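Inspection log for the structure reproduced underneath, given as structure tokens.
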Amino acid sequence: MRALGTPFVLGCMLAVVAPLAAQDRWLAIEGGTVFDGTGAVHENATLLVRGDRVERIGPAGQVEIPAGAERIDATGKFLTPGFIDLHFHYSPGPHASIDGTGTDANPELPLLFLANGVTTQREMGQWISDNEAWLASVRAQGLPTPRLLYSGPILDGRDTAYPTISRVLLDDMDARLAANELMDAGATSLKVYFRLSVSQVAAIIEEADRRNVPVHGHLEIVDPTAAIRLGLDGIEHTRSVGRALVPPKQAEEFRQAVLRESIHRGEGGLELWAALDPAGPRADALIELMLERNVNLDGTLAVFEPEFSEEDREVQWAAMRNMAAFTVRYAKAGGPVTMGSHGLVANAPPGLAYQREMETHVEAGMTPAETLIAATRAGAEALRLADRGTLTHGKLADIVLFDASPLEDIANARRVHAVILGGQLLDRDRLLATAEGLVP
């Protein structure tokens, strides 16, 4: 049996043709503790993989391992399904930050995330052709790529905040045409943005529903209650729902300020959240509606944190605490909550924003187990991906091995030991070295 630290060369890394058909390759990961994504924990277990799929989990020594199977000693390791990032941004082009400014291109981020266990990444604001060009460039180097999903450019109204990564819609017909064009091009979900009219949001949802494609919204000045009743599947950023949690006059003042100039979303949005009650009657009503419609909430909390060293950001920290409190209230009520990194955050190094996102949820009151489910099974369900999210029979063998248990301390999710993608053990050192070389 090979120990995990033993050097090896992967066929998938060097494009070597495997001697066996994919479905005849077997991998046995023995002796680890497996959190399977359903909530069950299997101690001292053998996880058996056939080809790119999970075959079974059973007690070590009681699972029949086929002759010739690759065997990995995972004693002392903790295993989970590959993480699913519902809100990811990278290169090329800018994406939103807390103050409304853009950030530079980060072509290394998808590889850094993959090396740190995020095997599925949904890019939430980029032209599909740019995503495909990035994938082609990485594959040309013989490197594995994450399971990258596209929403395509932001669907937004006039005077969009981010022109280079937006599709500006002029009317309802334009919205229907754009939605179908993106789905035809491979978008597996759609993202509606805050300058759309409610009727445009309705048109996009209607077209997406015809094709079983979820629609998620960055709302802010779009009425969250109206969008949910129209059939919105998910909310990106807990900050999106602030308008529904304040009195109508205050909500309208915020809406008009942002309509005049998008920059008012920054400090204005923080001030709104810092002063509202995340456990008041308006919050109760919104949570009840979200539960009734099974709306997914992807909080992206970590991107709204200032750096820990910035002690003078009282309003921002107050806003962050209220966003976190609302998110956890929804989770504790039984609502589907998922994890979205946003790509880069203040309180984690590049490549570990997803882990910081998990930490924010635990710090706010979710248990590590609830957070791991949000990072795996719940993410797959929100994106309607029936082939991943749990380590159960027939699911994709996307697996992360850790040196210590995230169930005991969610910060241990940063201690990634190895990553398996579709049944293939990845060369993390090469991924990390290549990512460093991609930095502009």
Side-chain angles (χ1 to χ4, degrees), residues 86-87 96-100 218-221 224 235-247 250-251 253-254 258 264-288 290-291 295-348 352-372 374-375 378 409-411 413-414:
L86 263 73
H87 196 114
S97 62
I98 184 62
D99 60 3
H218 178 152
L219 303 175
E220 293 198 271
I221 62 171
I235 292 168
E236 299 303 309
H237 315 300
T238 298
R239 190 176 79 167
S240 278
V241 302
R243 183 181 168 192
L245 306 183
V246 297
Q250 185 180 358
E253 289 172 349
F254 175 66
V258 176
H264 291 297
R265 297 164 49 227
E267 292 302 322
L270 294 176
E271 290 170 359
L272 182 146
W273 267 97
L276 62 75
D277 183 358
R282 288 187 173 86
D284 290 343
L286 183 60
I287 287 174
E288 183 178 354
M290 291 169 64
L291 290 171
V295 175
N296 183 71
L297 178 59
D298 195 53
T300 68
L301 300 174
V303 77
F304 299 109
E305 292 182 322
E307 292 184 16
F308 290 139
S309 60
E310 296 186 66
E311 298 178 357
D312 60 341
R313 302 298 293 271
E314 293 181 7
V315 170
Q316 190 168 343
W317 278 118
M320 168 61 185
R321 286 191 295 270
N322 284 340
M323 286 186 271
F326 179 88
T327 304
V328 172
R329 285 194 69 217
Y330 185 56
K332 295 295 186 181
V337 168
T338 53
M339 296 293 123
S341 71
H342 210 266
L344 292 171
V345 299
N347 294 314
L352 288 172
Y354 192 86
Q355 278 78 354
R356 178 59 199 151
E357 183 67 13
M358 290 193 287
E359 292 162 10
T360 64
H361 285 69
V362 172
E363 290 165 6
M366 286 175 65
T367 67
E370 290 168 340
T371 303
L372 287 175
D409 183 349
I410 197 64
R414 299 191 185 211

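Bear in mind the structure is a predicted one, so any value in this text is a computation, not a measurement.
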Grab the two heavy atoms, one from Asn322 and one from Leu276, that are nearest each other, plus how far apart they are. ND2-O, 3.3 Å
Which atoms form the tightest heavy-atom contact between Met366 and Ala374, and what is the distance? CE-CB, 4.4 Å
Is the shortest side-chain N to carboxylate O distance from Glu363 to Arg356 below 4.0 Å? yes
Are Phe326 and Leu297 side-chain neighbours, meaning at least one heavy-atom pair lies under 4.5 Å? yes
I need the minimum non-hydrogen distance between Gly343 and Ala353, along with the two atoms involved. O-CB, 3.6 Å
Distance check, rounded to the nearest 0.5 Å: Met320 atom CE versus Glu305 atom CD? 4.0 Å
Should the pair Trp317 and Phe308 be assigned to parallel (<30°), tilted (30 to 60°) or perpendicular (>60°) ring geometry? parallel
CG/Asn347 to CD/Glu307 distance, rounded to the nearest 0.5 angstrom? 6.5 Å
If you measure from NE2 on His264 to CD on Glu253, what distance do you get to the nearest 0.5 Å? 13.0 Å
Is there a side-chain contact between Thr371 and Met339 in this structure, where contact means two heavy atoms from C-beta onward sitting under 4.5 Å apart? yes
How long is the straight-line distance from CG of Leu301 back to CD of Glu357, given to the nearest 0.5 Å? 5.0 Å
Within 6.0 angstrom of Glu288 CD, more than 12 heavy atoms from elsewhere: no
Verify, without hydrogens or angle tests, whether Trp273 (side chain) and Arg239 (backbone) share a donor-acceptor contact under 3.5 angstrom. yes
What's the spacing between Ile410 CD1 and Thr367 OG1 if we round to 0.5 Å? 9.0 Å
Within this structure, what is the CZ-CZ distance for the pair Arg282 and Arg243, rounded to the nearest 0.5 Å? 12.5 Å
Residue pair Pro278 / Ala283: nearest heavy atoms and the distance that separates them: O-CB, 3.2 Å
Under 3.5 Å, side chain of Gln316 to main-chain N/O of Phe304, donor-acceptor pair present? yes
Close side-chain approach of Asn296 and Leu86, heavy atoms under 4.5 Å: yes
Sorted by chain and number, sequence neighbours left out, ring-ring contact (aromatic ring centres under 6.0 Å, His included) with His361 holds for none
Taking atom CD as the centre, does Glu310 end up with more than 12 heavy-atom neighbours from other residues, nucleotides or ligands that are less than 6.0 angstrom away? yes
Would you please classify the geometry between the His87 ring and the His342 ring as parallel, tilted or perpendicular, with 30° and 60° separating the classes? parallel
The side-chain hydrogen bond (donor to acceptor under 3.5 Å, both in side chains) partners of Ser240 (sequence neighbours excluded) come to none
Side-chain contact test, heavy atoms from C-beta onward, threshold under 4.5 Å: evaluate it for Val295 versus Tyr330 and give yes or no. yes
Please give me the minimum heavy-atom distance between Glu359 and Ala411, naming the atom from each residue. OE2-CA, 3.8 Å
Residues Ala331 and Val337: closest non-hydrogen pair is CB-CG2, 3.7 Å
Applying salt bridge (Lys or Arg N to Asp or Glu O under 4.0 Å) as the test, list every pair that has at least one member in residues 326-346; sequence neighbours left out. Asp284-Arg329, Lys332-Glu370
